[in-house]
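Following: one structure in structure tokens, then a few remarks.
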Amino acid sequence: MADALEIQSISKSYGKKQAVREVSFSVKEGEIFGLMGMNGAGKTTLLRMLATLLRPDSGDALIAGHSIVKAPEQVRTCISYLPDEAGAYRSMTGKHYLQFIAGLYFKEEQAQKACVQRGEDICGLGDTLNRKISTYSRGMTRKLVLARAVMTQPKLAILDEPTSGLDVLNSLDIRNAILRCAKEYGTAFLLSSHHMQEIHTTADRAAIMKDGVVLTSGTPEELLARYSASTLEEVFERAVRA
Amino acid sequence: MMHLLRKELSELINKQMLIGLSVSFVLIIVLGVLMTSTITGEWTESGTVHIIDNDRTAFTQSISDDLSERGYTVETAEDFETAVREKGWKDAVLLPEGMTETLLERHEACQLATYTALHSTATTAMLSSGGSASIVTSAIEDLLSEEYLQGELAFLSDPVELTPYTYANGVTVQEDSTAIIQSLALFDQLMPLALFLLVVLTAQTIITAIATEKTDKTLETLLSAPVPRSSVIGAKMAAALIVALIYAVTYALGFLTAMLLTVSGRVDAGNSGIGAAFTGLVNIRNATEQLGLQIPAYGWLGVLAQLALTLGIALTASIILGGLVEDAKSAQTASMPVMLLTMFPYILSMVSDIRSMEGGAKWLLYLIPFTHTFTATGNLRFHDSITFWGGLLYQAVFLTGMTFAALKMYSSDILFVHGIKKKADTEKQ
């Protein structure tokens with residue numbers, strides 16, 4: 001399978017603080033790649049650079065063959081980005097929101113309708129989609145914004161802590177939706193999370209970041225073996241404290 | 001209680017609030033000083049009486065002497081228009097040839113011509129209107145009753161009839177200057193009010209909208225979607241403009257209705273009836289045309305262009321300020337610079353003639369791009385083409401620069417790095 005994402009020695013600083021230092025890894029089409037790290041490890045900065053919101057100080061990343069530095073407009077046509085704690089327009093209904101997002105990605109009406117239909121299927125909110133978003137619970141809003149992120153069938157979906165603050169059942173629904181979209185649409189996922197169990201059950205491969213640097217990466221099984229651990233929590237603790 | 005109060009105050013009183021407050025404080029002082037000096041200047045000027053004495057008798061000389069004794073400075077000239085051009089006179093009373101004979105020998109009322117030179121339609125223009133006339137009339141009445149005609153009491157009640165003349169743009173017409181100012185003020189004061197509301201509402205709407213989008217992180221979703229940044233900015237500007245226009249039109253209509261109700265009330269209350277009032281309005285309209293105070297069609301196009309440019313500048317400035325705001329709470333404070341920079345020239349243009357201000361104050365005001373729109377109709381009515389078209393050009397250049405800066409900002413990291421950098425610096429410390 002071809003690479004959906006190839007990060008080449010990317011770096012970013014805020015003033016004197018180096019947030020991301022020469023990070024390199026790749027994600028294949030249909031692959032789910034988990035990014036773990038403590039708060040301030042540089043995960044969000046890395047994801048924002050890939051989403052073309054921040055410009056790297058050095059290095060580059062290719063998404064579906066397009067450079068985030070040289071061709072950010074092309075990159076935006078094949079990615080979707082879900083920020084941490086992202087909300088939606090509270091005055092819109094869920095359905096109107098999905099239609100609005102579809103309109104940003106597709107010009108033809110048929111393509112827009114198909115996109116919205118996918119969004120409705122993914123979020124599973126049914127008739128609730130006709131209600132205003134301001135009436136939604138946190139879990140419902142999260143399902144809606146995840147649906148809008150993947151319904152456009154991007155080459156790469158960048159999700160920053162998609163299950164943050166959700167209960168067990170809502171988290172499970174989100175994880176299942178991610179697995180389904182990776183399988184059905186061949187979408188590659190790069191997701192950051194503090195839930196090791198989530199990474200273990202969802203991700204094909206994962207990396208641990210600390211102080212802007214990738215400490216280690218591999219499949220969950222490889223990581224467990226490398227650190228002689230029984231859980232990813234143990235892997236994380238040993239890698240970060242080493 | 002104190003514990004909670006401390007928490008509430010620490011939430012409300014922050015660095016941004018203090019900066020905004022300091023800027024407001026300084027601007028209010030400057031505004032106050034400028035307004036006071038302008039109005040004081042008009043009142044100081046009102047201590048001077050201007051007389052054109054075409055009769056040149058002992059009686060007319062005694063009028064000047066009487067006024068001097070009362071503490072007025074009496075200035076005389078041969079001709080009003082020359083005195084306006086050369087000495088900057090704003091009003092005068094003409095004592096006609098034969099006036100002494102009419103009053104003292106024929107015991108008839110005499111006609112005095114009163115002149116007012118218009119330079120603007122601001123409130124202070126009305127202060128100087130007719131000042132000399134009332135003072136001279138009062139002096140004549142006193143002299144007649146106390147020294148010359150003690151026995152002719154019936155005649156003394158109305159010895160002088162005034163005929164008002166107005167001078168503007170090198171032309172003099174027989175019409176009351178106050179009526180002319182009032183007829184022009186309907187638009188000249190309504191338009192700036194609508195503009196002021198439009199700019200302030202637009203700024204607040206757009207800054208709050210961007211701040212909310214940043215807090216909800218919907219801005220990140222938008223800017224990572226395959227949509228040109230210029231479309232994202234353009235749509236925000238257009239939406240804010242439409243909402244602000246709805247507000248402005250509603251407010252302006254309310255204001256206009258109130259003014260019309262006031263005018264119709266005056267017409268009903270008068271003895272002359274609606275027909276006479278209409279004839280009066282037509283006469284005033286003719287007078288403004290003769291004085292060159294009507295704005296030509298191309299001038300209105302220029303005014304419209306200035307309005308559009310001003311709104312464009314306010315919108316782009318708000319887009320930039322909104323991008324720097326970290327949360328919805330700070331949005332109110334962030335709109336303060338736009339509000340003050342609009343309020344400042346708005347109030348000054350209402351109460352005084354900015355064009356005739358002296359020194360750096362005038363140029364400081366002209367540096368604010370909004371000033372040119374507030375003074376636009378005045379510049380056109382008083383044939384100051386250089387200031388009008390120069391202002392329009394300045395606004396166009398200013399808007400181009402602001403648009404470039406806004407696009408640059410929304411295509412750069414500043415939008416998302418601004419707060420993070422501050423946090424990183426704090427962590428370092």
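Throughout, a chain's letter reflects where its sequence line sits, starting with A, and its residues are numbered from 1.
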Using a heavy-atom distance cut-off of less than 4.5 Å, which residues of residues 61-85 of chain A contact chain B?
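Only A/Arg76, A/Thr77, A/Ile79, A/Tyr81, A/Pro83, A/Asp84, A/Glu85 of residues 61-85 of chain A have a heavy atom under 4.5 Å from chain B.
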Take atom NZ in A/Lys155; do more than 12 heavy atoms of anything else shown fall under 6.0 Å from it?
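Counting other residues, nucleotides and ligands, NZ of A/Lys155 stays at 12 neighbours or fewer.
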For atom NZ of A/Lys28, is the number of surrounding heavy atoms from other residues, nucleotides or ligands below 6.0 Å larger than 12?
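Atom NZ in A/Lys28 is crowded, with more than 12 foreign heavy atoms closer than 6.0 Å.
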Measure the spacing between CG of A/Asp160 and CD of B/Glu220 and express it to the nearest 0.5 Å.
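CD of B/Glu220 is found 8.5 Å from CG of A/Asp160.
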Report the distance from atom CD1 of A/Ile101 to atom CG of B/Leu222, rounding to the nearest 0.5 Å.
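It comes to 6.5 Å.
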Segment of A/Phe100 engaging chain B (4.5 angstrom heavy-atom cut-off)
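It is the side chain, since no backbone atom gets that close.
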Would you say that A/Val145 contacts B/Thr221 through its side chain, given a criterion of any heavy-atom pair below 4.5 Å between the two side chains?
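A side-chain contact is absent here, since even the closest heavy-atom pair is not under 4.5 Å.
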Is the shortest side-chain heavy-atom distance between B/Asp413 and A/Arg48 below 4.5 Å?
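The answer is no; the side chains never approach within 4.5 Å.
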Which bit of B/Thr215 is near chain A, if near means a heavy-atom gap under 4.5 Å: side chain, backbone, both or neither?
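Answer is neither: B/Thr215 stays 4.5 Å or more from chain A.
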Partners passing side chain to side chain donor-acceptor pair (under 3.5 Å) against B/Thr373 (at least two apart in sequence or in another chain)
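For B/Thr373, the residues satisfying side chain to side chain donor-acceptor pair (under 3.5 Å) (neighbours in sequence not counted) are B/Thr310, B/Gln395.
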Can you list the residues of residues 223-231 of chain B that sit under 4.5 Å from chain A, counting heavy atoms only?
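Against chain A, the residues of residues 223-231 of chain B that fall inside the cut-off (heavy atoms, under 4.5 Å) are B/Leu223, B/Ser224, B/Ala225, B/Pro226, B/Val227, B/Arg229.
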Please collect all salt bridge (charged side-chain N to carboxylate O under 4.0 Å, His left out) contacts where either partner lies in residues 236-251 of chain B, sequence neighbours excluded, each pair once.
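Passing the test, one end in residues 236-251 of chain B: B/Glu213-B/Lys236.
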